[in-house]
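One structure is given here, and the rest of the page talks about it.
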Amino acid sequence: MQTSPRPDRSWWSDAVCYQVYIRSFADSDADGVGDLGGILSRLGYLELLGVDALWITPCYRSPMVDHGYDITDPRDIDPMFGDLASFDALVAASHEHGIRVILDLVPNHTSNQHGWFRAALGAAPGSPERSRYHFRYGRGADGSQPPNNWPSQFGGPAWTRIVEPHGRPGQWYLHLFAPAQPDLNWEHPEVRADLEKTLRFWLDRGVDGFRIDVAHGIAKPDGLPDGEPGGFALTEGGSGPDARFDHDQVHEVHRMIRSVTDEYRDRVLIGEIWVSDDDRFGRYLRPDELHLGFNFRLTTAPFDAAEIRAAIEHSLAAVAAVGAPPTWTLSNHDVARPVTRFGGGPNGSARARALALVELGLPGVVFVYNGEELGLPSAELPDEALRDPVWERSGRTRRGRDAHRIPLPWEGGPPGYGFTDAGPSWLPIPNDWVGLTVEAQLEDTASTLSLYRHALQLRRSHPGFVGGSLEWYGAPAGCCAYRRTGTTFVCALNTSAEPVPLPPGEVLLCSGRLTDDGRLPPGTAVWLA
Ligand code: GLC
Ligand code: MG
């Protein structure tokens with residue numbers, strides 16, 4: 001492992017972290033599903049891209065109802081992805097490449113196939129086995145109505161009624177996600193003790209940190225009261241208070257996770273925090289809680305300079321009070337890819353490139369979701385190809401997240417694109433992605449991959465990328481521009497319909513091409529110094 005050039009700062013304070021959605025990154029054993037061996041075989045690419053760390057989505061033992069976010073054993077690798085030996089080999093090789101490894105921790109729920117849940121089903125109401133989850137009697141004379149009005153994120157109620165061991169319908173259990181993902185009761189000491197064990201298990205194996213799934217939802221309010229009927233955020237990006245999330249007791253869980261992690265050197269904790277209030281968001285990053293929190297404002301901001309500037313200002317404000325580094329995310333495995341969100345086609349792709357430059361110029365931690373560096377769009381899939389539980393759970397009214405999880409096209413063409421030697425991959429790669437492969441983009445200086453490589457290289461080496469703060473420039477309508485404080489580095493974005501003059505400075509990098517008379521065209525961003 002290389003030593004940090006700035007020992008006074010944590011390695012993650014301005015890191016570029018690459019999200020590997022393991023099923024879709026690279027397949028080494030020809031079963032059509034990505035795996036640990038696939039990541040190992042592509043470390044050279046990741047080094048070339050210039051990332052500091054990988055966040056690998058869950059690779060533990062799982063029936064894969066929610067593609068790994070439903071876990072039966074958090075201290076083992078699912079055979080679909082490899083084994084503990086291949087995991088250790090990946091960590092060691094990543095470190096040799098100067099790349100850290102962050103795992104995805106899922107403390108909110110287990111799989112319904114987990115030994116604890118099976119024991120709960122076989123035990124009586126009120127038993128110690130049931131108390132590790134949230135079992136309740138239903139409402140109505142015969143208990144046939146769910147215990148409260150909470151919806152599941154994936155559609156339908158957040159409760160499922162079970163058949164008791166004596167054979168008749170009985171209690172209900174809580175699942176904020178699929179019925180195959182029962183929520184754990186975090187008041188239970190064994191639940192806590194088990195997570196401590198899991199943390200140490202992976203920290204001892206040398207992982208550099210954890211991304212914490214549903215970090216804002218782990219603690220439940222006393223009595224599980226009803227929420228305001230209109231107050232549930234069912235899609236990512238929903239805002240406002242939601243009865244199911246962000247309860248004060250959750251911070252105790254994060255303090256525990258932090259205290260265990262602090263026994264090890266240089267390990268980072270990143271929370272998935274869908275909380276829109278800046279002050280409440282910042283609470284997760286107090287000095288004895290998580291180091292970083294995903295701020296998702298840029299995943300929902302429209303392509304509008306004022307909105308993008310507001311998203312950035314909010315993200316900075318949310319962490320300023322607690323002194324944590326800001327984080328930036330344009331997409332992940334749960335949300336639409338920027339190219340598609342911005343209208344698709346050449347326009348969508350130009351806008352996604354522009355926003356990428358705006359993001360990569362900012363102080364703090366950047367998360368790049370695999371495929372974002374290739375400018376992949378979300379793909380349209382036929383009904384029969386859909387695999388996300390959201391599709392069935394929503395009564396086929398929401399198509400779910402498969403479109404954003406298509407395997408990476410590495411080289412060649414359909415069906416496998418070098419992602420897999422199997423025939424088709426677990427989600428089909430569109431036939432018209434031949435021009436989007438890594439192979440096609442590597443040597444093309446105008447490609448999105450080249451833009452990312454260039455930007456990441458400048459971010460690492462140019463003296464403008466220092467310090468934690470920025471200042472906004474005056475800019476024409478539909479534009480915004482910031483300067484990194486104390487430097488000459490400026491990033492300008494044009495979301496208006498007309499070309500605009502450039503701010504002073506020499507052009508370092510442009511997301512598109514300047515006009516012949518040297519102005520910044522619509523849908524374009526530029527770096528100057
Ligand atoms: C998080 C994950 C998402 C998963 C859910 C339930 O939001 O990012 O993919 O479905 O948690 O674990
Ligand atoms: Mg495989």
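Note that the numbering runs from 1 along the sequence shown for the chain. Ligands are counted one by one from 1 in listed order, and the atoms in each one are counted from 1 as well.
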Inset, instruction - Determine whether the side chains of Asp83 and Ser86 contain a donor N or O and an acceptor N or O closer than 3.5 Å. - result: yes

Inset, instruction - Determine whether the side chains of Ser62 and Asp78 contain a donor N or O and an acceptor N or O closer than 3.5 Å. - result: no

Inset, instruction - Please work out whether the ring planes of His333 and Trp55 are parallel, tilted or perpendicular, with thresholds of 30° and 60°. - result: perpendicular

Legend entry - Aromatic contact, Tyr284 with His216 (centres under 6.0 Å): no

Inset, instruction - Any atoms of ligand 1 less than 4.0 Å from a non-hydrogen atom of Arg401? List them with their elements. - result: 3 (C), 4 (C), 9 (O), 10 (O)

Inset, instruction - Can you sort out which atoms of ligand 1 are near Glu272, meaning under 4.0 Å from one of its heavy atoms? - result: 1 (C), 7 (O), 8 (O)

Inset, instruction - Of the side chain and backbone of His175, name the one, both, or neither that has a heavy atom under 4.0 Å from an atom of ligand 1. - result: neither

Legend entry - Polar side chain donor-acceptor pair, Trp426 to Asp31, under 3.5 angstrom: no

Legend entry - Whether Tyr173 and Phe135 hold their rings parallel, tilted or perpendicular, with breakpoints at 30° and 60°: tilted

Inset, instruction - Considering the heavy atoms of Gln181, write down every atom of ligand 1 situated less than 4.0 Å from one of them. - result: 6 (C), 12 (O)

Inset, instruction - Can you label the angle between the Tyr369 ring and the Tyr21 ring as parallel, tilted or perpendicular, going by 30° and 60°? - result: perpendicular

Legend entry - Element-labelled atoms of ligand 1 that are located less than 4.0 Å from some non-hydrogen atom of Phe154: 10 (O)

Legend entry - For Val214, the ligand 1 atoms whose distance to one of its heavy atoms is below 4.0 Å: 11 (O)

Inset, instruction - Mind checking whether Tyr21 contacts ligand 1 via backbone (N, CA, C, O), side chain (CB onward), both or neither, at a 4.0 Å heavy-atom cut-off? - result: neither

Legend entry - Under 4.0 Å to a heavy atom of Asp334 - the qualifying atoms of ligand 1, by number: 2 (C), 3 (C), 7 (O), 8 (O), 9 (O)

Legend entry - is_close_aromatic(Phe294, Phe367), centroid dist under 6.0 Å: yes

Legend entry - the Mg ion (ligand 2): angle it makes with O (Val33) and OD2 (Asp35), nearest 10 degrees: 100°

Inset, instruction - Using only N, O or S atoms, tell me which atom of Asp29 is closest to the Mg ion (ligand 2). - result: OD1

Legend entry - Geometry at the Mg ion (ligand 2) - Asp31 OD1 versus Asp27 OD1 angle, rounded to 10 degrees: 90°

Inset, instruction - Using a 4.0 Å heavy-atom cut-off, say whether His67 meets ligand 1 through its side chain, its backbone, both or neither. - result: neither

Inset, instruction - Measure from the Mg ion (ligand 2) to each N, O or S atom of Gly38 and report whether any distance is below 2.8 Å. - result: no

Inset, instruction - With heavy atoms of His109 as the reference, note each atom of ligand 1 found under 4.0 Å away. - result: 6 (C), 12 (O)

Legend entry - Polar contact flag, side-chain donor to acceptor under 3.5 angstrom, Gln19-Arg211: no

Legend entry - Pair Glu373-Tyr45, side-chain donor/acceptor within less than 3.5 Å: yes

Legend entry - Residue portion contacting ligand 1 (non-hydrogen atoms closer than 4.0 Å) for His333: side chain

Legend entry - Atoms in ligand 1 with a heavy atom of Arg405 nearer than 4.0 Å: 9 (O)

